[in-house]
Amino acid sequence: MPELPEVETIRRRLDPHVVGRTIAGLAVFDARVSEQSEAELRRLLVGARIVATGRRGKWLTLDLGERLMIVHLRMTGQLLLQPDHAQKGPRWTMDLDDGRRLWFYDQRRFGTLEVIGVDAAAERFGDMGVEPLSAEFGVAALRAQLAGRSAPLKAFLLDQRRLAGVGNIYADEVLFRARLHPLRKAGGVGPREAQRLHAAIIATLELAIEHEGSSVESFVDPAGERGSFQEILNVYQRTGAPCRVCGTPIKRVVISGRGTHFCPRCQRRR
DNA sequence: CTATAAACCTGCTGGC
DNA sequence: TGCCAGCAGGTTTATA
């Protein structure tokens with residue numbers, strides 16, 4: 001599942017290949033990828049120059065000056081700089097003026113593509129919470145979000161309106177690092193615990209970016225390279241395996257409909 | 001307001 | 001061996 005570290009890895013790898021280029025063509029092979037028609041997408045994209053790459057939470061953006069191209073990979077989306085003949089055809093491809101082509105593969109077909117005017121961008125992302133790796137994300141900001149919420153910490157971390165970019169893998173990894181039980185109520189977290197949670201969110205995401213993401217399912221960067229964070233996961237998908245700190249078997253429960261992994265000894269409920 | 005569930009989709013797993 | 005129900009997951013939409 002591409003979460004913040006995976007999308008950021010893709011953005012960084014894509015950036016030098018696309019910035020400064022002009023979009024020369026677009027082909028949509030699966031109309032369900034966008035609410036906009038192929039003709040409309042073409043009208044909005046072809047001829048536009050890519051000024052910058054960006055990311056908001058798990059959304060990848062291409063800044064076209066007047067417009068913003070927005071891509072979400074959801075579960076299995078891949079943006080590649082070369083075709084992958086081992087999988088079903090791409091849902092769309094985009095040609096650049098230097099002859100390069102971008103391929104969007106997406107086995108489960110949940111990914112999306114949209115193009116909006118740059119003036120609509122603020123509203124488009126208006127519901128999204130703070131970027132956890134930005135300067136605005138301080139302990140005070142986190143405590144303000146936690147305060148008064150009855151939701152379990154696991155659900156809190158997954159809520160994109162509070163914090164943008166954390167998904168199921170990193171929510172579990174963050175809570176292990178912070179030594180907090182995933183069922184603890186957000187509002188019941190004390191000041192020292194909030195401090196630990198804040199540090200764990202930043203440290204986990206930064207470490208995952210250093211490792212170029214987690215390839216637990218189908219994640220690869222635009223060159224088709226896998227990340228390596230899956231090799232050092234502490235809890236995610238390690239049900240029954242010994243905790244790397246204390247040796248206790250990792251437990252799996254379902255919280256808010258999501259598989260949740262934790263160490264029952266390192267992450268006491270109270 | 002919050003909170004939970006269903007829908008979207010397909011490859012894989014487990015049970016019979 | 002084969003079939004099929006069930007599961008995974010991010011976001012949106014619907015319902016309680």
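Below, chains carry the letters A, B, ... as their sequence lines are ordered, and counting in each starts from 1.
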Q | From dT2(B), dG10(C), dA3(B), nucleotide with atom closest to K58(A) side chain | A | dG10(C)
(Q) In this structure, how many angstroms lie between the C1' atom of dG10(C) and the CZ atom of R162(A), rounded? (A) 17 Å
Q: Measure the CZ-CG distance between R179(A) and L197(A) for me, rounded to the nearest 0.5 Å.
A: 12.0 Å
**Q.** Spacing between F110(A) atom CZ and dA7(B) atom C1', to the nearest angstrom
**A.** 8 Å
Q | Other cluster members, W59(A) - Ile/Leu/Val/Met/Phe/Trp/Tyr, side-chain contacts below 4.5 Å | A | L68(A), I70(A), I116(A), F125(A), M128(A)
Q. What is the distance from CG of L163(A) to P of dT11(C), rounded to the nearest Å?
A. 12 Å
(Q) Can you tell me if H72(A) touches the phosphate of dT11(C), counting only side-chain N or O atoms and a distance under 4.0 Å to OP1 or OP2? (A) yes
Q: Please collect all salt bridge (charged side-chain N to carboxylate O under 4.0 Å, His left out) contacts where either partner lies in residues 124-139 of chain A, sequence neighbours excluded, each pair once.
A: R55(A)-E131(A), R56(A)-E131(A), E114(A)-R124(A)
Q: Compute the centroid of each ring, for F229(A) and then for Y236(A), and state whether the two points are separated by less than 6.0 Å.
A: no
Check: protein-nucleotides 10-12 of chain B nitrogen or oxygen pairs below 3.5 Å:
residue	atom	partner	partner atom	Å
dT10(B)	OP1	R109(A)	NH1	2.5
dG11(B)	OP1	K88(A)	NZ	3.3

Q | Qualifying residues under side chain to side chain contact (heavy atoms under 4.5 Å, CB included), relative to Q82(A), sequence neighbours excluded | A | L80(A)
Q. How close or far is atom P of dC9(B) from atom CD of Q87(A), stated in whole angstroms?
A. 18 Å
Q) Using the C1' atoms of five pairs at each end, what's the angle between the two axes of the helix from dT2(B)-dA16(C) to dC16(B)-dG2(C), to 10 degrees? A) 60°
Q.
Is there a side-chain contact between S150(A) and the phosphate of dA3(B), meaning an N or O under 4.0 Å from OP1 or OP2?
A. yes
(Q) It should be established whether Y170(A) places a side-chain nitrogen or oxygen under 4.0 Å from OP1 or OP2 of nucleotide dG10(C). (A) no
Q.
Checking side chain to side chain contact (heavy atoms under 4.5 Å, CB included) between V235(A) and each of I250(A), T260(A), L175(A), which is the one that passes?
A. I250(A)
Q) Side-chain N or O of R252(A) less than 4.0 angstrom from OP1 or OP2 on dA8(C)? A) yes
Q. CG/L79(A) to OH/Y105(A) distance, rounded to the nearest 0.5 angstrom?
A. 11.5 Å
(Q) Between T76(A) (side chain only) and R108(A) (backbone N and O only), is there a donor and an acceptor less than 3.5 Å apart? (A) yes
Q.
Please give me the minimum heavy-atom distance between L146(A) and A194(A), naming the atom from each residue.
A. CD1-CB, 4.1 Å
**Q.** Along DNA chain C (nearest heavy atom to each residue), the more 5'-positioned of E35(A) and E3(A)
**A.** E3(A)
Q | Exercise: identify the closest heavy-atom pair between R238(A) and N234(A) | A | NH1-O, 2.8 Å
Q | Atom pair CD (E8(A)) and CG (L60(A)), whose distance is rounded to the nearest 0.5 Å | A | 9.5 Å
(Q) From CG of L4(A) over to P of dG9(C), roughly how many Å is that when rounded to an integer? (A) 18 Å
Q) What's the CG-C1' distance between L157(A) and dG9(C), to the nearest Å? A) 17 Å
Q.
Taking any heavy-atom pair under 4.0 Å as a contact, classify A151(A): base, sugar-phosphate, or nothing.
A. sugar-phosphate
Q. Looking across every strand, which nucleic acid part, if any, lies under 4.0 Å from Y236(A) by heavy atom: base, sugar-phosphate, or nothing?
A. sugar-phosphate
(Q) Ring centres under 6.0 Å, that's the criterion: do H198(A) and F137(A) meet it? (A) yes
Q: Quickly work out the K185(A) NZ to dA3(B) P distance and round it to whole Å.
A: 9 Å
(Q) Between P on dC8(B) and CZ on R91(A), what's the gap in Å once rounded to a whole number? (A) 14 Å
Show me the protein contacts with nucleotides 4-6 of chain B, counting only N or O atoms at under 3.5 Å.
none

